Every structure is written in C-alpha cells, then in structure tokens.
Amino acid sequence: MSGWRRPLWRALAALGIALLAWWALTEGSGLISPIRFPGPSETWAAWQQILWEGYASALWYQHVVRSVALVTIGFLVASTLGVALGLAMGASRTIEALVNPAFLFLRPIPPLAWIPLAIVWLGLGDAAKIMVIFAAAFVPSVINSFSGVRQIDKPLFEASAMLDIRGWRYWTQVLIPGALPSIFTGLRLSLQASWTTLVAAELIGAIAGLGQILNQASQDIYPPMILVGMISVALFGWVMTLGLGWIEARVMPWRAR
C-alpha cells in the first residue's frame, strides 16, 4: 500500500468508528438526549434541508463557497506578508530591532478584539471579515518564519559566506530552504487560526457563510443544523490542510520520505 493510502485508510477507519459511536450513544441507546445532541439521522435530514431548500438565506454550497473564499484570501495575504516579515527579521538584526517592539506589542491582542475596529474602518462587508482572519493568521507565520531562520545551523552561514553567496541567491539558496520546515509549521497554524476565527468574522453582517449557519441555527435553537455547520467547518478545514500538506510534500520531498 502506497504511503498516502495508508493514512487515508486510517482516517476513514477512525471516521467510521466515530460515526458508529455517535449513533450508538444517541439513536442506538438513547444515552444522550437528541435535544442536547442530535443523532446522525437528524443531522443528515438537516443537511438535506440546507442542501436542497436552503437555510440562513442561502444553499449549502453558497455558504461553503463564501467561507472558503474568505479564509483563502485572508490566509494567503497574512501568510505571504507574515513569512516575508519573519524571514526579514530573522535575517537582519536591524529589521528585528525596528519591527519587533511593535510586533510584541500587538501580538497579545486576540484576533476577535479587532472586530470593532474592522467594522469602523471597513464597514460590514467582506473586507472587515478578511481583516479579522488576517489578524489571526499573521502572527503564527511571522513567529515560525523568524524561528526557522534563527535555527539554521551556523556552518551553513559560514559556507555561504565562504562561497560568496549574496543578494537574491542568499535568500533562495540559504535562508528560505533552511527555514522551510518552520515556515510550513507556521502556515499550518495560520490556516487553523483562519478557520477558528471564521465563525466570529462572519458575525459581522454576513449574508452567507458557515458562520452564518451556526449563528442562525443557534438563534433558532436548531441543534442538527448547528452540527451541520460545525461538520462543514471541520471538513473544509481538513481538506485545505491536506492541500497544504500536499504542497509541503512537493516543496520538501526529502521530509515526506
């Protein structure tokens, strides 16, 4: 069995066990009341409802497309700027001295604390949501990129100096390859932070989105639809994480082996 199939079968087996336990504890034995936690059949019915009839002003695929787009844009912008800033801070003590005090000051602010300011600056549109997701994804990418540069072995720097590797070659042949493992760790954390912040971001006047499903279902006291929203967030967060892992395996094939 090839390397990628083995983890896939394990994931499917774990999912099957979880579904069986879910059914056994709810519909199978009644140990958990459906009022508190709905069973698989109720959740399936709610998913069919939103898939074909719609819920919270949109069909399921429309909610998904909107949320995935917001997360993708916020994550890409935050990770691109975060990785560049982290590498620059790691490579230059001067840049670190100039930027680090402001970064350390802003770092403890929770991403959700930016919501009121995002509304004041950008209104209730998608730009405000992207700003909140950006705030969540930016910090992990900066920290891990910075740490990746500082963890590069000293002999590698000495060898590059001896070979007179400078300028763009220094970045592409020394800094970035040496920091790649930490960079991808930061990207995974940034992607996770983007999805965990999505629900709160979509409370800012969302027309559609997975966060809107959760918000509307909580107001309607509709537990099966709440589970539909939660499972959807988990599913597409997992798919995007797999995509990032695929890119990592192509960029660093030696690590995949």
Side-chain angles (χ1 to χ4, degrees), residues 70-123 125-158 160-161 166-168 170-204 211 233 237 240-241 244-245 247-248 251-252 255:
L70 289 175
V71 168
T72 302
I73 295 172
F75 167 72
L76 288 178
V77 175
S79 59
T80 300
L81 296 179
V83 168
L85 180 60
L87 291 175
M89 290 172 60
S92 172
R93 299 285 182 179
T94 302
I95 295 178
E96 180 189 3
L98 292 173
V99 176
N100 201 41
F103 181 74
L104 292 177
F105 178 77
L106 296 174
R107 176 184 170 185
I109 300 176
L112 301 187
W114 290 96
I115 290 179
L117 199 58
I119 294 175
V120 172
W121 285 353
L122 303 172
D126 289 345
K129 302 175 184 61
I130 292 172
M131 175 182 167
V132 177
I133 295 173
F134 173 92
F138 182 68
V139 172
S141 59
V142 173
I143 294 175
N144 284 274
S145 300
F146 171 80
S147 300
V149 173
R150 292 299 169 88
Q151 291 172 4
I152 297 175
D153 294 334
K154 188 176 180 181
L156 189 60
F157 289 115
E158 295 173 348
S160 64
R166 301 179 181 178
W168 182 244
Y170 178 72
W171 282 79
T172 57
Q173 297 180 14
V174 179
L175 290 184
I176 296 177
L180 270 179
S182 290
I183 289 175
F184 274 99
T185 299
L187 292 178
R188 285 193 294 272
L189 293 173
S190 294
L191 183 58
Q192 178 184 354
S194 299
W195 276 104
T196 54
T197 311
L198 170 71
V199 174
E202 288 186 332
L203 295 179
I204 309 174
V233 170
M240 291 185 69
T241 301
L244 185 60
I247 295 173
E248 180 179 3
V251 174
M252 296 188 296
R255 197 179 189 193

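Owing to the predicted nature of the structure, the values given are computational and were not obtained by experimental measurement.
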Side chain to side chain, [X] and [Y], heavy atoms closer than 4.5 Å:
X: Leu81; Y: Phe134; answer: yes
X: Thr185; Y: Arg188; answer: yes
X: Ile133; Y: Phe75; answer: no
X: Leu189; Y: Val139; answer: no

Closest heavy-atom contact between [X] and [Y]?
X: Ala136; Y: Thr197; answer: CB-OG1, 3.1 Å
X: Leu122; Y: Ala127; answer: CD1-O, 3.4 Å
X: Ala201; Y: Lys129; answer: O-CG, 3.2 Å
X: Gly123; Y: Ala128; answer: O-CB, 3.3 Å
X: Ser190; Y: Ser141; answer: OG-N, 3.3 Å
X: Arg150; Y: Gly90; answer: NE-O, 3.0 Å

Say you draw a straight line from [atom1] of [X] to [atom2] of [Y]; how long is it, rounded to the nearest 0.5 Å?
X: Gln192; Y: Leu187; atom1: CD; atom2: CG; answer: 13.0 Å
X: Phe184; Y: Leu244; atom1: CZ; atom2: CG; answer: 6.0 Å
X: Met89; Y: Leu98; atom1: CE; atom2: CG; answer: 10.0 Å
X: Ser182; Y: Ile143; atom1: OG; atom2: CD1; answer: 12.0 Å
X: Ile73; Y: Leu76; atom1: CD1; atom2: CG; answer: 8.5 Å
X: Leu87; Y: Ile176; atom1: CG; atom2: CD1; answer: 6.0 Å

Say whether, by atom type as modelled, one donor and one acceptor occur between the side chain of [X] and the main chain of [Y] under 3.5 angstrom.
X: Ser145; Y: Val142; result: no
X: Asn144; Y: Pro140; result: yes
X: Thr80; Y: Val77; result: no

In terms of relative ring orientation, are Trp114 and Trp121 parallel, tilted or perpendicular, with 30° and 60° separating the classes?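 The arrangement is tilted - the two ring planes meet at 30° to 60°.
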